[in-house]
Amino acid sequence: MSRTPIIAGNWKMFKTIAEAKEFAMVVTNELQGVTGADMVVCAPFTALAALRDALTGSNLLLGAQNVHFAEEGAYTGEISPRMLTELGVRYVIIGHSERRAYFNETDETVNKKVHASLKHSLIPIICVGEDLDQREAGQTFTIVEEQTRAAIAGVAANQAAELVIAYEPIWAIGTGKSSTAQDANEVIGHIRKTLAHILDQETANRIRIQYGGSVKPDNIGEFLAQTEIDGALVGGASLVPDSYVGLVRGAVTKEK
Ligand SMILES: O=C(CO)COP(=O)(O)O
């Protein structure tokens, strides 16, 4: 089963509108005509409209970093799925460990957000991953399994096939310490096995699972050469145009 790799930049709380436009100008030019990977930029809400315009006609796709699960309502400061689709957003990161740690995101809200996103044709990038204590206690498989089960509870197989899952070990985020490619491959293999149990093998084989955590242009090739790893969710290295281009080039030239 071949799955198109997906390289997604998670800009987190970086870049003003002007900086986002500058990035788009350089990157769209450099990546013109490049195929073989889905290229996504998950920008802050404030930069989405300008980026949509700057990316029009390019092969880059727009993503957001969070969404609320309600259609609309009295939720001060929140953004609904329909507000995102109206802006041309195609992907949305859900359940990033920073949101779980700092903004009270739970397995339950992740699941609600997944349902709300799918209903509005937004493709969720669902983040799962263990922290250092859990890894050292040998709980990695259990944690990713529980988070995956909770995130997709009640999602039908035909809808689930569209999902993207990002395995991001928390201890590898922004630390310069990446998981080894073999290790990430094993955990991602376990996530796929979990998906096969919950859904079915064919659907599990279609779901793309990324690795995230200190991915750079010079190590992305190792990760993508692994049988189970279908892309990367990248923070720091996705912010600099040359580096983003390097990530995509590293992904499309990988050999499986
Ligand atoms: O959190 C991440 C992507 O969502 C990873 O961040 P870094 O690539 O900066 O380690």
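Counting begins at 1 with the first residue of the sequence. Counting starts at 1 for both ligands and their atoms, in listed order. Everything numeric here is computed off the predicted structure, so don't read it as measured data.
No more than 12 heavy-atom neighbours from other residues, nucleotides or ligands sit within 6.0 angstrom of CZ on R90.
Residues satisfying the ring pair (Phe, Tyr, Trp, His ring centres under 6.0 Å) criterion with F14, sequence neighbours excluded, are absent altogether. For K119, the salt bridge (Lys or Arg N to Asp or Glu O under 4.0 Å) test picks out E71, with sequence neighbours left out.
If you run side-chain contact (heavy atoms from CB on, under 4.5 Å) between P217 and each of V248, V240, L247, only L247 comes through.
For ligand 1, the protein residues placed under 4.0 Å by at least one non-hydrogen atom are N10, K12, H96, E168, A172, I173, G174, G213, S214, L233, V234, G235, G236.
Checked by atom type, the side-chain pair T203/D200 shows a donor-acceptor distance below 3.5 Å.
Pairs engaging residues 168-177 under the side chain to side chain donor-acceptor pair (under 3.5 Å) rule: H96-E168, E130-W171 [sequence neighbours left out].
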